[in-house]
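Only one structure is covered here, and it is reproduced in the block below.
Quick caveat: nothing in here was measured; it's all calculated off a predicted structure. Below, all heavy atoms of this structure are taken into account, side chains as well, without hydrogens, waters or symmetry copies.
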Amino acid sequence: MSRTRRSSSPTARPGVAPPGGRVARAVTRTLSEDPLGGTVRRTVLPSGLRVLTEAIPAMRSVSFGIWVAVGSRDETGPQAGAAHFLEHLLFKGTSKRTALDISAEIEAVGGETNAFTTKEYTCYYARVLDEDLPLAIDVMCDLVADSVLEPTDVETERGVILEEIAMHDDEPGDEVHDLFARAVYGDHPLGRLISGTEETVTPMTRGQIQSFYRRRYTPPQIVVAAAGNLDHGAVVRLVRQALRGTPLDTDPAAPAPRRPADPAVRTKPVTTLVEPKETEQAHVILGCPGIDRADERRFALGVLNNVLGGGMSSRLFQEIREQRGLAYSVYSYASQYADSGLFAVYAGCAPGKVDEVLQLTRAELAKVAEHGITEEELARGKGMSKGSFVLGLEDTGSRMSRLAKGELLYGDLMPVDELLARVDAVTLADVNVLAAELLTRPMSLAVVGPFDEAAFLS
């Protein structure tokens with residue numbers, strides 16, 4: 001494993017003159033240099049927009065992404081779905097390009113574009129050959145900075161989104177996760193659907209979406225990230241050129257701070273939610289509030305999650321599927337936000353086996369809470385955490401995502417060697433103390449299948 005070093009030596013680049021006459025400068029730092037991997041650099045533009053790149057000369061492609069620190073949790077109740085609606089609309093045309101131009105220009109060079117909305121951020125990205133990076137930067141910056149939001153496009157995409165919501169309702173394996181979030185968070189934005197609902201999307205006006213766009217999509221909230229065969233200075237110049245004269249070409253400002261962790265989100269008391277559906281398979285999630293993403297115990301939680309339900313060798317998979325054949329799919333997972341988190345177990349099984357699956361799940365969680373895990377399980381859980389992380393960095397897209405998430409969510413990019421060392425430092429006591437505290441928390445339940453709530457009230 002190569003060693004990674006950090007450097008904090010800044011180099012200034014000419015900027016623009018703010019009111020008062022002082023020249024605002026773009027400030028660049030080298031965050032890490034890895035002789036076997038890539039060199040990571042970060043530039044803060046005068047507007048507060050940040051540009052991070054990882055130069056990987058061995059690659060012939062580049063992934064380029066524009067990440068906005070705005071997600072569904074930033075919406076009010078009547079706005080629910082606005083961030084996702086906007087994500088759709090930004091691809092529909094700008095003052096320079098039609099929707100067809102946007103897709104055709106990238107596809108003509110064999111590239112691909114896409115976007116996604118989460119509860120805390122939105123990402124727009126493209127993957128192209130290294131020689132076509134200038135085109136990708138121009139197209140993606142154009143659509144994020146200068147979408148026109150034509151009224152006809154609003155109506156067209158409204159129909160598309162309503163179909164997407166309907167399709168989601170036809171996927172009980174996905175629906176149960178949203179139901180579980182509502183069971184834990186209730187009416188809090190973290191408990192709402194990212195897509196919004198038919199009741200919120202149908203009456204949403206262009207004016208509401210336009211207001212959300214211009215108020216929320218500002219340079220201090222934006223991180224541009226790119227990874228692959230690139231030159232950092234060239235990427236910065238191309239981004240500045242692409243944004244010049246657009247609504248994102250603004251007065252000097254500081255980057256927005258990370259989303260605060262305080263106060264912590266208040267969760268609901270233990271809740272059981274059942275969505276009655278005549279499905280052939282029942283989908284159940286049993287879980288509780290977890291830890292937020294800044295909690296130092298997150299490395300121990302990763303190991304614990306692997307041992308409980310993170311793979312085919314995990315306790316839950318072995319007990320419920322391999323030994324008893326009660327479920328095709330069973331796994332545990334942890335989700336972390338700035339100020340909250342979830343830990344849960346999912347299982348998909350025949351409706352008649354739900355009670356037994358839940359009983360076995362509760363028993364296994366109680367066993368680990370009381371007796372902990374073994375040294376052998378600790379080693380396996382660490383190996384899974386390290387392997388999945390490193391193997392996940394084998395393409396430019398995952399490396400680009402790592403840059404942006406480090407900046408947006410943590411305010412820092414933890415070097416690979418340091419992250420692996422943090423996992424290695426997890427002790428058996430760390431995991432077992434966390435298990436005793438986390439797995440004894442009262443558990444909420446979400447079920448989608450041919451039941452009513454009375455079936456789970458006992």
Side-chain angles (χ1 to χ4, degrees), residues 165-185 191 193 267-268 270-290 301-335 341-371 373 377 380-381 384 388 435 438-458:
I165 292 170
M167 181 176 68
H168 180 77
D169 289 343
D170 287 338
E171 295 289 342
D174 295 334
E175 186 181 10
V176 71
H177 289 278
D178 293 321
L179 192 67
F180 177 68
R182 181 151 58 91
V184 174
Y185 292 118
L193 291 172
T267 55
K268 294 182 63 178
V270 173
T271 301
T272 295
L273 293 180
V274 179
E275 183 66 34
K277 286 199 170 179
E278 292 303 318
T279 57
E280 294 297 319
Q281 188 179 47
H283 302 266
V284 299
I285 294 182
L286 179 71
C288 62
L301 178 58
V303 174
L304 175 62
N305 180 62
N306 287 335
V307 171
L308 278 170
M312 294 175 65
S313 62
S314 67
R315 289 194 179 202
L316 289 167
F317 192 94
Q318 286 293 313
E319 180 71 21
I320 293 173
R321 173 171 164 160
E322 293 297 283
Q323 295 183 25
R324 301 173 187 264
L326 294 174
Y328 175 75
S329 178
V330 56
Y331 59 83
S332 62
Y333 66 93
S335 300
L342 297 172
F343 177 79
V345 176
Y346 164 87
C349 62
K353 297 178 180 178
V354 166
D355 288 343
E356 188 176 0
V357 167
L358 286 173
Q359 181 181 4
L360 289 168
T361 299
R362 293 182 189 275
E364 200 60 49
L365 297 182
K367 187 187 303 182
V368 174
E370 183 176 358
H371 302 293
I373 66 172
E377 289 174 323
R380 188 168 67 244
M384 291 176 68
S388 63
L438 180 66
L439 303 182
T440 54
R441 293 179 181 178
M443 299 273 177
S444 290
L445 177 66
V447 182
V448 177
F451 308 101
D452 57 37
E453 287 196 16
F456 298 92
L457 294 180
S458 58

request  = Look up atom CD in Glu377 and atom CG in Leu304, then write down how far apart they are to the nearest 0.5 Å.
outcome  = 10.0 Å

ask   = What are the two closest non-hydrogen atoms of Lys353 and Gly325, and how far apart are they?
value = NZ-O, 3.8 Å

Anything under 3.5 Å between a donor and an acceptor, one on a side chain of residues 165-173, the other on a protein residue two or more places apart or in another chain? List them.
from	atom 1	to	atom 2	distance (Å)
His168	NE2	Asp178	OD2	2.5

inquiry  = Give me the atom names and distance for the closest heavy-atom approach of Ala334 to Leu301.
reply    = CB-CD2, 3.7 Å

request  = Over all heavy atoms of both residues, which pair between Cys349 and Leu326 is shortest? Give the atoms and the distance, please.
outcome  = CB-O, 3.2 Å

key: CZ on Arg324 to CD on Glu356, rounded to 0.5 Å   = 6.0 Å

Show me the donor-acceptor pairs within less than 3.5 Å that the side chains of residues 359-369 make with the rest of the protein, sequence neighbours left out.
from	atom 1	to	atom 2	distance (Å)
Thr361	OG1	Val357	O	2.8
Glu364	OE2	Arg315	NH1	3.3

ask   = Should Arg380 and Asn306 count as side-chain neighbours, where that means a heavy-atom distance under 4.5 Å?
value = no

note = Only one of Val274, Leu358, Leu273 passes side-chain contact (heavy atoms from CB on, under 4.5 Å) with Leu445, and that residue is Leu358

request  = Give, for atom CD of Glu275 and atom NE2 of His283, the distance between the pair rounded to the nearest 0.5 Å.
outcome  = 12.5 Å

query = Would a 4.5 Å heavy-atom cut-off, applied to side chains only, mark Leu308 and Ser314 as touching?
reply = no

task = Please check if atom CD in Glu280 has more than 12 non-hydrogen atoms from other residues, nucleotides or ligands closer than 6.0 Å.
result = no

Backbone N/O of Ala327 and side chain of Arg321: donor-acceptor pair under 3.5 Å = no

query = Partners of Glu322 by side-chain contact (heavy atoms from CB on, under 4.5 Å), sequence neighbours excluded?
reply = Phe317, Gln318

query = Just by modelled atom types, is the Asn305 backbone N or O under 3.5 Å from a matching donor or acceptor in the Ser332 side chain?
reply = yes

inquiry  = Test your reading of the model: is there a side-chain donor-acceptor pair from Arg182 to the backbone of Leu193, 3.5 Å cut-off?
reply    = no

note = Looking only at heavy atoms, the pair that brings Ser444 and Thr271 closest together is OG-N, 3.0 Å

query = So, do Tyr185 and Thr267 sit near enough that their side-chain heavy atoms are less than 4.5 Å apart?
reply = yes

request  = Measure the shortest side-chain to side-chain distance between Val354 and Phe451 over non-hydrogen atoms and say whether it is less than 4.5 angstrom.
outcome  = yes

Heavy-atom closest contact (Leu438 atom, Cys288 atom, distance) = O-SG, 3.8 Å

